[in-house]
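Before any comments, here is the structure.
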Amino acid sequence: MHHTLSNSIDHPSYIKRKLTLEENLKFYGRWAAACTCGDVLAMGATPKGFSLDLSAPLETEVSDIEAIMEGVQQTLTSLLLSLVMIRQLHMGGQ
């Protein structure tokens, strides 16, 4: 069990419960994707892709990298669904 508190981009306060290492890694992936895409959205543009450079020690477990990437994918999927819904609203629900 990981004992540090993580600040959540999904909520305006700290996560009050203890997070496992996997939860923290997924959070990191979500945070990285959300910060990058958020900058593009703030400029009034629509993200067309996502690129990630990840540097990790050689002893890093593959499952840790997979957890980070799962977090990235969660954010990108959520963002894509949100953008589709916004476009539908602007097009009159078509």
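- Although no hydrogens or angles enter the test, the distance criterion places a donor-acceptor pair under 3.5 Å between the side chain of Thr36 and the main chain of Ala32.
- If you take CG on Leu54 and OH on Tyr28, they are separated by 7.0 Å, rounding to the nearest 0.5 Å.
- Nearest heavy-atom pair, Gly29 versus Val72, reported as atom, atom and distance to 0.1 Å: O-CG2, 3.3 Å.
- Rounding to the nearest 0.5 angstrom, the gap separating the CD atom in Glu23 from the NZ atom in Lys18 is 13.0 Å.
- Taken from CD in Glu61 to CG in Leu21, the straight-line distance is 10.0 Å, to the nearest 0.5 Å.
- Nearest heavy atoms, Thr60 versus Ala56: OG1-CB, 3.5 Å.
- Taking both residues in full, the closest heavy atoms of Ala67 and Lys26 are given as O-CG, 3.3 Å, listed atom of the first, atom of the second, then distance.
- Note on Ile65: it clusters hydrophobically with Leu76, by side-chain heavy-atom contacts below 4.5 Å among ILVMFWY residues.
- To the nearest 0.5 Å, the span separating CD on Gln73 from CD on Glu66 amounts to 13.5 Å.
- Rounding to the nearest 0.5 Å places CZ of Phe27 at 12.5 Å from CD1 of Ile68.
- Closest of all the heavy-atom pairs between Thr75 and Ala34 is CG2-N, 3.6 Å.
- Summarising the geometry, atom CZ belonging to Arg30 is positioned 14.5 Å from atom CG belonging to Leu79; distances are rounded to the nearest 0.5 Å.
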